[in-house]
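Report on the following structure.
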Amino acid sequence: SVDNENQLPTEFSLYQNYPNPFNPSTVIKYSVAEETLVTLNVYNILGTKVATLVNEKKTPGFYELNFGGEKLPSGVYVYRIEAGNFTASKKMLLIK
């Protein structure tokens, strides 16, 4: 078997959070292919930013972080990554 844990990613990716739906917290994973400024924000369904999870230079690798929705109402949220020319968005559902 091939051990991919030590491989650096060859592309930027944003993965679906889990668990989803979540309460009160969820894990968001993403990968960075080259050193660049990475921003990862969370928005409510109206497009209002409710959290900034990442806003810093990252080196190539796989990352994961916890997002807590304790202070937010139930509903659909969108998390969006911007890294170099790469952007991606995914939806997640907070149910209380």
ask   = Are F62 and F12 joined in one hydrophobic group, where the rule is that I, L, V, M, F, W and Y side chains link up if heavy atoms are under 4.5 Å apart?
value = no

task = Supply the atom-to-atom distance L37 CG to K58 NZ, rounded to the nearest 0.5 angstrom.
result = 10.5 Å

note = For Y43 and R80, the nearest pair of non-hydrogen atoms, with its separation, is CE1-CB, 4.0 Å

Check: K96 main-chain N/O paired with S74 side-chain donor or acceptor under 3.5 Å = yes

ask   = Do the side chains of V54 and Y30 get nearer than 4.5 Å, heavy atoms only?
value = yes

ask   = Can I81 and I28 be said to form a side chain to side chain contact (heavy atoms under 4.5 Å, CB included), step by step?
value = CA-CA 11 Å; I81 192 171; I28 295 172; over 6 Å; no

request  = Using atom types as modelled and distance alone, determine if a side-chain donor or acceptor of T26 lies under 3.5 Å from a backbone N or O of P19.
outcome  = yes

inquiry  = Keeping Y79 on the side-chain end and N17 on the backbone end, is there a donor-acceptor pair under 3.5 Å?
reply    = yes

request  = Verify the distance criterion only: is there a donor paired with an acceptor across the side chains of N41 and T52 at less than 3.5 Å?
outcome  = yes

task = List the atom of P73, the atom of L94, and the distance in Å for their closest heavy-atom pair.
result = O-CD2, 3.4 Å

request  = Work out which heavy atom in V78 is nearest to a heavy atom in S89; give both atom names and the distance.
outcome  = CG1-CB, 3.9 Å

task = Compare all side-chain heavy atoms of S31 with those of Y15 and state whether any distance is below 4.5 angstrom.
result = yes

request  = Work out which heavy atom in V27 is nearest to a heavy atom in E64; give both atom names and the distance.
outcome  = CG1-OE2, 3.9 Å

task = Nearest 0.5 Å please: distance from the CZ atom of F22 over to the CG atom of N66.
result = 11.0 Å

ask   = Measuring from T36:OG1 to K57:NZ, what's the distance to the nearest 0.5 Å?
value = 7.5 Å

note = d(L40 CG, F67 CZ) to nearest 0.5 Å is 9.5 Å

task = Go through the structure and list residues passing side-chain contact (heavy atoms from CB on, under 4.5 Å) with V76, not counting sequence neighbours.
result = I45, K91, L93

query = Do the non-hydrogen side-chain atoms of K71 and V50 ever get within less than 4.5 Å of each other?
reply = no

ask   = What distance do N23 atom CG and L72 atom CG have between them, rounded to the nearest 0.5 Å?
value = 11.0 Å

inquiry  = As an exercise, state the distance from CG of N55 to CD of E82, rounded to the nearest 0.5 Å.
reply    = 10.0 Å

